[in-house]
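Numbered from 1 within each chain, the chains take letters A, B, ... in sequence-line order.
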Protein chains: 4
Amino acid sequence: MYICTVRIKDETKRLAIVENTLDIVFEKGFAGIKMAGLAKDVGISPSTLYVYYKSKEELIISVFKELIKNKTVQSEKDIDKDLPYKLKLKTLWLYWINVSINQSKEMSYIHQIKQSPYYDLVPDDVKDIGYSVGFELFDLGKKEGLIKNVDNEILATIMSALLMQTVTLITNKKMTLNKKNSDLMFSFLWDAMKG
Amino acid sequence: MYICTVRIKDETKRLAIVENTLDIVFEKGFAGIKMAGLAKDVGISPSTLYVYYKSKEELIISVFKELIKNKTVQSEKDIDKDLPYKLKLKTLWLYWINVSINQSKEMSYIHQIKQSPYYDLVPDDVKDIGYSVGFELFDLGKKEGLIKNVDNEILATIMSALLMQTVTLITNKKMTLNKKNSDLMFSFLWDAMKG
Amino acid sequence: MYICTVRIKDETKRLAIVENTLDIVFEKGFAGIKMAGLAKDVGISPSTLYVYYKSKEELIISVFKELIKNKTVQSEKDIDKDLPYKLKLKTLWLYWINVSINQSKEMSYIHQIKQSPYYDLVPDDVKDIGYSVGFELFDLGKKEGLIKNVDNEILATIMSALLMQTVTLITNKKMTLNKKNSDLMFSFLWDAMKG
Amino acid sequence: MYICTVRIKDETKRLAIVENTLDIVFEKGFAGIKMAGLAKDVGISPSTLYVYYKSKEELIISVFKELIKNKTVQSEKDIDKDLPYKLKLKTLWLYWINVSINQSKEMSYIHQIKQSPYYDLVPDDVKDIGYSVGFELFDLGKKEGLIKNVDNEILATIMSALLMQTVTLITNKKMTLNKKNSDLMFSFLWDAMKG
DNA sequence: CATGAATGAGCCTTCATTCAT
DNA sequence: TATGAATGAAGGCTCATTCAT
C-alpha cells in the first residue's frame with residue numbers, strides 16, 4: 001500500500017545538513033553522528049541524505065571541505081597593510097580569536113576531525129590550506145628581524161597553540177573576552193615570538 | 001574441614017588489557033575499541049574481559065584512572081631544589097616533554113578522553129590531579145618577580161599548549177627531539193612567561 | 001516540485017509478529033521469545049522487528065495492549081437484556097468459556113504476563129479493563145437479591161477462578177467441552193454465588 | 001598465583017540454596033534465577049553450586065521435589081476424624097489457606113513451575129502427589145450424599161481455584177485474613193460443592 | 001568438597017546503507 | 001529527487017557451565 005507526498009526541491013537542504021552535522025559534532029563528537037538521527041533533525045528521510053552524500057564518510061569530509069573553503073575565503077580580506085608589524089600580528093590574532101569564539105562549532109569540527117581517523121581520508125590539498133595569511137606575516141616579520149628566525153611551521157604551531165588554549169579558557173569560563181585579557185594573551189604570543 | 005586453593009585474578013592479564021587498550025586508542029581512537037577485538041588482542045575470551053571490567057565504559061574510565069594515578073606518582077620525585085629558577089622550569093619542561101614522547105600512548109589516551117563524552121563519567125577527584133608541581137613552581141617564580149604575575153591556571157595553560165604542540169611537531173616528524181630544538185622550544189615558553 | 005510514493009508500514013506484518021509472539025509464549029512462555037527467532041518465524045530480519053517495536057519489552061507490552069483492546073471491544077456486544085438473570089450470567093459464562101478455549105493463546109498470554117515482571121511496565125489504564133460487563137451483571141443480581149451481596153471484586157475473582165480451572169480441565173483433556181459439562185461447571189458457579 | 005582458604009563442609013548449605021532459590025523465584029520468577037547470583041546470595045562459589053546440583057535444570061526440579069515431599073508429609077497429620085463433615089472440609093480449607101499464606105514462597109514456586117517448561121521434566125510420580133487428603137474427604141462426602149457426585153479431579157480443581165484466588169485477594173491486600181472473610185470464602189466453596 | 005577465573009554460545013540491539021516505489 | 005521500510009553486519013553484554021587448582 002502506498003501514499004503520496006509532494007515535496008519541493010530545496011537547495012538549502014544541503015546547508016541544513018551541514019548545520020545539523022556541526023551541531024551534533026559539537027555536542028557529541030563524531031561518534032554522535034547517526035545518519036538516521038541527522039536526517040530526522042534536518043527533517044528529511046535517511047535515504048534523502050544519500051542523495052546529497054553517498055556515505056557517512058563523504059558527508060563528514062564534505063562538511064570539512066566546506067568549512068575550510070569558507071574559512072580561507074574569509075581570512076583573506078581582513079589584513080590591513082599599513083599597520084606597524086606588531087599590530088598586524090595582533091589583528092590576525094584578534095581575528096582568529098573572534099572566529100574561534102563566534103564560530104566555535106566550526107572550529108570544534110575542524111579540531112575534532114584532525115584527531116579522528118577520518119582525517120586520513122581528507123585530500124592533501126584541502127589539509128594544507130589555512131595558514132597562508134600567517135605564513136606571509138611570519139616571513140615579513142623575520143625579514144625585518146622582528147621575530148625569531150624559525151620555521152613557519154613552528155611559528156604557526158606556537159600561535160595556534162596559544163590561540164586554542166585562550167579560546168578554551170574563555171569557553172570554560174576561566175577567563176572573559178575583554179581588551180585586557182586579549183592584550184595579556186597576545187603579550188604571551190608576542191614575547192614568545194619576538195626576536 | 002577442608003583446605004583448598006583458589007586461582008587469583010591475574011594482574012598480568014589486567015595489565016595486558018590496559019596495554020592493548022592504549023594501543024587501540026592511540027591508533028584508532030575510542031571508537032576503535034571493540035570488546036571482542038580487544039579480547040582477541042589480549043589473547044582472552046570476550047567474556048573474560050567482563051571479569052575484569054563490568055562494561056566497556058568502566059574499562060575506559062578505569063584505564064584512565066590508572067594512568068592518572070601512575071602519572072602523579074612519578075611526577076613528584078623529579079624536582080631539584082638547588083637549581084636557578086629558569087633551570088628548574090626547564091627541568092619540568094624537559095620532564096614533561098620526555099613523558100609525553102616516551103609515554104605518547106598514555107598522553108594520547110588522556111588527551112582523547114578529555115574530549116570525549118566518557119570524561120563526564122570520570123569522578124571529579126580523579127579529574128583534578130596533575131598540575132601541582134607546576135603550580136608551586138609558578139608561585140615561586142612570581143614571588144621572585146621572574147615570571148609574569150598571572151593566574152596559575154593561565155600559566156599552566158600556556159605551558160601545556162606549547163608542550164603539546166612541541167610533542168605534535170616531534171610526533172609528526174616535523175622536528176627531531178634534540179638539545180637544540182628542546183632549547184628552542186623552551187625559549188618560546190620562557191620568553192612568553194618571563195616578567 | 002516532485003511527486004513521490006512512499007511505502008507504508010505493513011499492517012499484515014505487524015499482525016504476523018503478534019501472531020507468532022502469541023504462539024511462542026503459548027508454547028514456551030515469555031522466556032521463549034528470542035527476537036531473532038521470532039523474526040525468522042515471521043519471515044523478516046531481526047532488525048525489521050525493531051522498525052515495529054523499539055525493544056523486546058515494548059513488543060511484549062504492545063502485544064498485551066492489543067489483546068486487551070480487542071478483548072474489551074468484543075465483550076461489549078454479547079449481552080441480551082431480556083433473559084432471566086440466571087441465563088444472563090450463564091451467557092456471560094459461556095461467552096468467556098468460548099473465548100478462553102478458542103482464544104487460548106491470547107488468554108494464556110494475558111495470564112502469563114500478569115505474573116511476569118513485564119506487567120509492572122504496563123500502564124495502569126490498560127491494566128484495569130476487562131470486567132465491566134461482569135460488574136454490571138453482579139450489581140443487577142445483588143439489587144434483585146439473587147446473588148450474595150459481596151464486593152464485585154470478590155465475585156469476579158470467584159467467577160474468574162472457576163472459569164480458568166474449567167478451561168484448564170478442558171485444555172488438559174480431563175474434561176470435554178459439551179453441554180453437560182458446561183452446565184455442571186456453571187452449576188458450581190451459580191450455587192457458589194446465589195444468595 | 002594462588003591463595004588458600006579453609007572451609008568446613010556444611011550440610012545446611014543445600015538448605016540455604018533451596019531457601020534462596022525460593023526467595024528469587026518469589027520475587028522475580030524463574031527467569032530471575034542466575035546461577036552466579038544465587039551462589040552469591042548463598043555465600044558460596046558458583047562452582048560449588050554444581051557440587052550440589054549438576055545443572056540449573058536439576059536445581060529447579062530438585063527444589064520442587066523437596067517442596068512436594070515436605071508438603072505431603074505435613075498435610076497428612078492434620079485431619080480430625082470426629083468432626084461433622086462440613087467442618088472437616090472447613091478444616092482442610094483453613095489448613096490450606098494457612099499453608100498458602102504462611103508458605104507463600106513455596107506455594108508460589110509450585111504454582112510457577114507448573115506453568116513453566118520445567119514442569120515437563122518433573123517425573124510423573126512427583127507430579128501426582130498432593131491431593132490424597134482431599135480425595136479421601138471428597139469420597140466420604142459423596143458417599144454420604146453431602147456434596148455433588150462429581151469426579152474428584154473436578155472437585156479438587158474447584159477447591160484449588162477458590163483457594164488460590166482467596167490467597168491472591170489477601171496477598172494483594174484486597175481482603176484481610178480474618179474469621180469473617182474465611183467464613184465468607186468458605187461459604188462460596190461449600191455452596192458450590194454441596195449436593 | 002570447594003573455589004574464582006575463564007569461557008562459548010547466544011542474546012538484544014544499533015546503524016549505515018539499500019530497496020522499491 | 002524523495003521516501004519509509006527493510007536489512008546485514010556487527011557490537012556489547014549475559015550466563016550456565018567448566019577449568020585448574
Kindly write out the residues that satisfy salt bridge (charged side-chain N to carboxylate O under 4.0 Å, His left out) with [X], not counting sequence neighbours, or none if the list is empty.
X	result
A/Lys28	none
A/Lys56	none
A/Glu27	none
D/Glu66	none

| query | Which heavy-atom pair separates C/Tyr109 from C/Leu67 by the least distance, and what is that distance? | reply | CD2-CD1, 3.5 Å
Distance in angstrom units between [X] [atom1] and [N] [atom2], rounded:
X	N	atom1	atom2	result
D/Lys34	F/dC13	NZ	C1'	12 Å
D/Ile24	F/dC15	CD1	P	12 Å
C/Met35	F/dG11	CE	P	21 Å
B/Arg14	E/dA5	CZ	C1'	13 Å
D/Tyr53	E/dC1	OH	P	13 Å
A/Leu38	E/dT17	CG	C1'	14 Å

| When all nucleic acid strands are considered with a 4.0 Å heavy-atom cut-off, which category describes D/Ile33: base, sugar-phosphate, or nothing? | sugar-phosphate
| Is B/Lys13 touching bases, backbone alone, or none of the nucleic acid, heavy atoms closer than 4.0 Å? | sugar-phosphate
| How would you list, by chain and number, every residue that makes a side-chain hydrogen bond (donor to acceptor under 3.5 Å, both in side chains) with D/Gln112, sequence neighbours excluded? | D/Ser108
| How would you list, by chain and number, every residue that makes a side-chain hydrogen bond (donor to acceptor under 3.5 Å, both in side chains) with B/Gln115, sequence neighbours excluded? | B/His111
| field | B/Phe26 vs B/Glu106 side-chain heavy atoms within contact, under 4.5 Å | value | no
Ignoring hydrogens and angles, write down the donor-acceptor pairs under 3.5 Å from the side chains of residues 37-50 of chain A, residues two or more places apart or on other chains.
{"unit_1": "A/Ser45", "atom_1": "OG", "unit_2": "A/Ser47", "atom_2": "N", "d": "3.4"}
{"unit_1": "A/Ser45", "atom_1": "OG", "unit_2": "A/Ser47", "atom_2": "OG", "d": "3.0"}

| In residues 44-51 of chain C, what residues come within less than 4.0 Å of DNA chain E, judged by heavy atoms? | C/Ser47, C/Tyr50
| Quick one: is A/Tyr52 getting a side-chain N or O under 4.0 Å of the F/dA2 phosphate, OP1 or OP2? | yes
| message | My understanding is that only residues two or more places apart in sequence, or in another chain, count here; which of them pass ring pair (Phe, Tyr, Trp, His ring centres under 6.0 Å) with C/Tyr118? | response | C/Phe30
| request: Please list residues of residues 56-64 of chain D whose heavy atoms come under 4.0 Å from any atom in DNA chain F, ordered by number; otherwise none. | output: D/Lys56
| query | Would you write out the dot-bracket form of DNA chain E, 5' to 3', with Watson-Crick and G-U pairs under 3.5 Å, [ ] for crossing pairs, | for pairs to other strands and . for unpaired bases? | reply | .||||||||||||||||||||
Listing, residues 17-24 of chain C side-chain donor-acceptor contacts under 3.5 Å, not counting sequence neighbours, or none:
{"unit_1": "C/Asn20", "atom_1": "ND2", "unit_2": "C/Ala16", "atom_2": "O", "d": "2.8"}
{"unit_1": "C/Thr21", "atom_1": "OG1", "unit_2": "C/Ile17", "atom_2": "O", "d": "2.7"}
{"unit_1": "C/Asp23", "atom_1": "OD1", "unit_2": "C/Lys105", "atom_2": "NZ", "d": "2.7"}

